[in-house]
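Residue numbering restarts at 1 for every chain, and letters A, B, ... go by the order of the sequence lines. It should be emphasised that the depicted structure is a prediction, and the values quoted were computed from it without experimental measurement.
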Amino acid sequence: MKIKLSLLVVMLILATGLIWAAGAGERAEPAERQGVTEITWWFGNWNEPRGTELARKFEAENPGYRVKVEPFVGDGMETKMLVAFRTGSVPDVLAVPNGWTIPFAMQGYLSKVDDYFTRPGYPADDFIQAALDTATLDGAIYGVPYRMESHGFIYNKDLFRQAGLDPESPPKDWDELLSFAQKLTDPAKRQFGYAITGGGERQNTIFLVLPMIWMNGGDVISADGTRSTINEPAAVEAVRRYTEYFTKFKVSPPSTLENDGTGIRRLFEQNANAMMQQGSYALPNIYEAGIDVGTSLIPAPKGKDPAVIIGGWNYTVPEGAKNREAAYKFLDFLTETENMAFFTDTFPARYSSLEAERFQDPILEPFKEMLPFARMQPTLTEWPEMVNIIFTEIQQILLGTKDVQKAMDDAASKIDALL
Amino acid sequence: MNSRKINLRKEFAGFGFVLPVLIFLLLFITYPIFSNIILSFTDRNNQFVGLQNFRAVFADDTAVFSMYNSLIYVGFSVIGQLIVGTWAGILLNQEFRGKGIARSTILIPWVIPGAVAATTWAWMYHSDYGIISHIFMELGILADRGPLVIPHLVMPALILVNVWKMFPFVAVMVLAGLKGIEQSLFEAADVDGASLLQKLFYITIPQLRPILTTLILLLTIWGFNSITLIYTMTGGGPANLSMILPIHIFQQTFQYYNLHKAAAESIILFFILLIIIVMYMKTLTEKEN
């Protein structure tokens with residue numbers, strides 16, 4: 001019996017090992033050929049099929065070049081990049097979320113690519129300025145933008161009809177949003193009006209809260225960068241509004257503290273929440289779930305402009321990359337009007353790419369209209385830590401363990417300590 | 001050829017055998033430890049700053065709370081793992097039909113990769129979809145939220161998962177230990193008319209003591225250093241309520257690049273473990289004497 005038992009244990013352990021080994025085996029690459037310039041390209045694995053297709057197309061058009069495609073997973077990608085920067089084993093072309101581009105550049109991890117844009121005849125004017133701004137530090141450019149996006153407002157038209165609301169007139173301001181949300185909430189059916197996030201990936205909650213603070217005329221850090229203003233009335237009022245959807249009015253699902261962006265999208269696909277603020281990348285799965293979906297601008301306080309955080313991605317050339325010339329050649333290919341339009345999940349960063357057929361769907365119109373209201377998150381090396389501070393205090397409010405003013409006072413003093 | 005030469009050659013040969021291991025140890029254990037100690041006493045400019053990093057740790061409410069949480073988490077986990085594991089081990093030692101299957105299936109929690117188990121449990125605890133939360137809501141024990149977002153239930157819920165994950169290991173070890181107990185002891189007890197409970201407390205458990213002693217040490221060390229379950233299930237949240245020291249160290253290092261403060265926290269973690277183990281071993285040897 002003893003022998004049998006230990007045999008079983010050994011076999012189970014071996015089996016798990018084999019599964020890991022099988023996963024690792026897929027990555028094996030053929031040995032490098034002679035006289036071939038190799039370009040290493042890192043990007044998110046959600047783009048893997050399209051990325052591989054582009055790489056093979058480039059190789060076909062440019063004999064003598066080989067593109068090594070190395071997709072990374074979303075979870076832990078920041079750590080992966082930092083490890084690469086610190087050890088110097090960096091790719092030639094690295095896709096970086098635009099919010100991290102400037103902080104990375106500040107720490108000297110990325111090389112300047114000004115000369116990429118100033119080459120004679122290069123259509124630098126075709127790039128959308130807001131996207132270029134996310135890669136610009138002290139007048140120098142550190143990345144080539146290829147994807148840009150902003151959140152929009154997404155709602156379920158069927159649930160609007162059931163609640164007696166007009167599916168063609170979504171809420172325009174904060175007061176309407178709340179009253180619609182209350183009408184659309186029916187706990188007995190486990191249906192909630194407006195889902196906010198309060199768990200999981202921290203950044204997702206910042207994408208919802210920070211624009212509300214901006215819309216209300218507040219900010220996290222004072223204009224001169226010396227102190228936090230998150231405990232001033234405009235910001236506190238915005239955070240109060242945000243958290244009360246869950247704490248006071250209970251129009252956000254009970255799982256709010258466990259939900260990040262993915263969480264509320266999944267609930268939306270099951271008719272469990274009627275409205276949410278998300279990016280246009282949420283739409284394909286919503287269609288698949290067979291939901292009659294409407295989109296609009298993000299509601300703002302009455303008489304004020306909406307605001308939203310600019311999201312997107314830039315191609316960068318890390319400091320210490322081996323093959324700059326080949327990297328530029330490959331970048332030229334990747335950012336061609338057509339290829340940029342093909343690769344992005346949301347919108348491209350060039351006006352000419354934006355003309356492509358796939359971006360003309362009327363349902364995408366509000367997401368485009370939001371772009372002029374898009375702003376950058378603060379570009380400080382301490383920002384990730386500040387995100388964590390704000391997120392933690394918001395969780396305290398959602399848990400009911402702190403009131404809004406106290407939480408924001410605490411956040412302000414912790415942020416001040418970092419400035 | 002004199003005998004001295006042979007001895008010398010023998011010594012060199014011996015050294016040659018030890019060398020690979022020695023280099024490995026120096027490279028992957030000694031160097032990181034010393035580098036960590038140096039980091040904890042210096043700042044970003046490599047200047048010696050004395051205990052400043054340690055003061056920074058104790059000034060950080062979350063860091064201090066995470067130490068407290070680690071103690072709670074490990075303490076209750078080890079107790080739970082031992083009780084459930086020993087109980088399961090004793091049960092599995094009985095003769096019954098299908099005991100082979102029972103002995104194999106009980107290992108499943110231990111064999112499943114930690115991240116997979118954690119994700120599954122997080123789903124079962126989820127406020128909207130979770131089967132466990134749903135059952136407790138139907139019974140009227142929970143209102144509308146799952147245990148992972150109720151302040152006083154987060155840690156117990158996580159400890160429960162940790163007990164579930166590791167008790168099979170205890171059970172297997174106990175099972176092996178039980179095989180080593182002289183059957184004549186039980187036979188003698190039977191002759192004397194001892195009850196089942198008396199046999200458990202006066203024969204089985206005392207005979208298992210060496211194994212249980214080792215288990216407590218192992219489980220404590222593993223518990224303090226483990227990160228997977230809590231990191232995957234709550235990430236230390238909500239609002240740091242389930243923050244444990246290893247996760248805090250991870251955050252400080254890889255998310256905020258506070259290498260020096262994180263190094264100081266690692267040293268503190270090491271000393272917490274050291275103190276517990278020394279105290280434990282001391283009471284143990286005193287008892288034996």
### Task
Please report the shortest heavy-atom distance between G235(B) and R202(A), naming the atom on each side.
O-NH2, 3.6 Å

### Message
Please determine whether the number of non-hydrogen atoms from other residues, nucleotides or ligands lying under 6.0 Å from atom CG of L139(B) exceeds 12.
### Response
yes

### Task
Counting only heavy atoms closer than 4.5 Å, note whether L257(A) contacts chain B via side chain, backbone, both or neither.
both

### Task
Output the option from K414(A), K402(A), Q395(A) having the highest count of non-hydrogen pairs under 4.5 Å with chain B.
Q395(A)

### Message
Please determine whether the number of non-hydrogen atoms from other residues, nucleotides or ligands lying under 6.0 Å from atom CH2 of W46(A) exceeds 12.
### Response
yes

### Summary
Nearest heavy-atom approach of D144(B) to P254(A) is O-CB, 3.1 Å

#### Entry: Contact summary for S255(A) and H126(B), nearest pair of heavy atoms
CB-CE1, 3.3 Å

### Query
Which bit of I112(B) is near chain A, if near means a heavy-atom gap under 4.5 Å: side chain, backbone, both or neither?
neither

### Query
Are side-chain heavy atoms of Y129(B) and R266(A) found at a separation under 4.5 Å?
yes

### Query
Yes or no on side-chain contact (heavy atoms from CB on, under 4.5 Å) for N258(B) and E385(A), after CA distance, side-chain angles and deciding distance?
CA-CA 10 Å; N258(B) 292 330; E385(A) 206 163 346; 3.6 Å; yes

### Summary
Turns out that what part of E393(A) lies under 4.5 Å from chain B's heavy atoms comes down to neither

### Query
Should L398(A) and P238(B) count as side-chain neighbours, where that means a heavy-atom distance under 4.5 Å?
no

### Side-chain touch N388(A)/Q251(B), heavy atoms, less than 4.5 angstrom
yes

### Task
Nearest 0.5 Å please: distance from the CG atom of N240(B) over to the CZ atom of F391(A).
9.5 Å

### Task
List the atom of T79(A), the atom of F254(B), and the distance in Å for their closest heavy-atom pair.
CG2-CD2, 3.7 Å

### Message
Out of V83(A), L267(A), T256(A), return the one with the most heavy atom pairs under 4.5 angstrom to chain B.
### Response
L267(A)

#### Entry: L399(A) to V149(B) - nearest heavy-atom pair and separation
CD2-O, 3.3 Å

### Task
Could you look at E258(A) and say if it's the side chain, the backbone, both or neither that has a heavy atom under 4.5 Å from chain B?
both

### Task
Would you mind telling me which of A143(B), A122(B), S127(B) has the largest number of heavy-atom pairs within less than 4.5 Å of chain A?
S127(B)

### Task
State whether the number of non-hydrogen atoms from other residues, nucleotides or ligands found under 6.0 Å of F136(B) atom CZ is greater than 12.
no

### Query
Does a sphere of radius 6.0 Å around CZ in F186(B) hold more than 12 heavy atoms from other residues, nucleotides or ligands, not counting ones at 6.0 Å or beyond?
yes

### Interchain contact, E201(A) with chain B, by part (heavy-atom threshold 4.5 Å)
neither

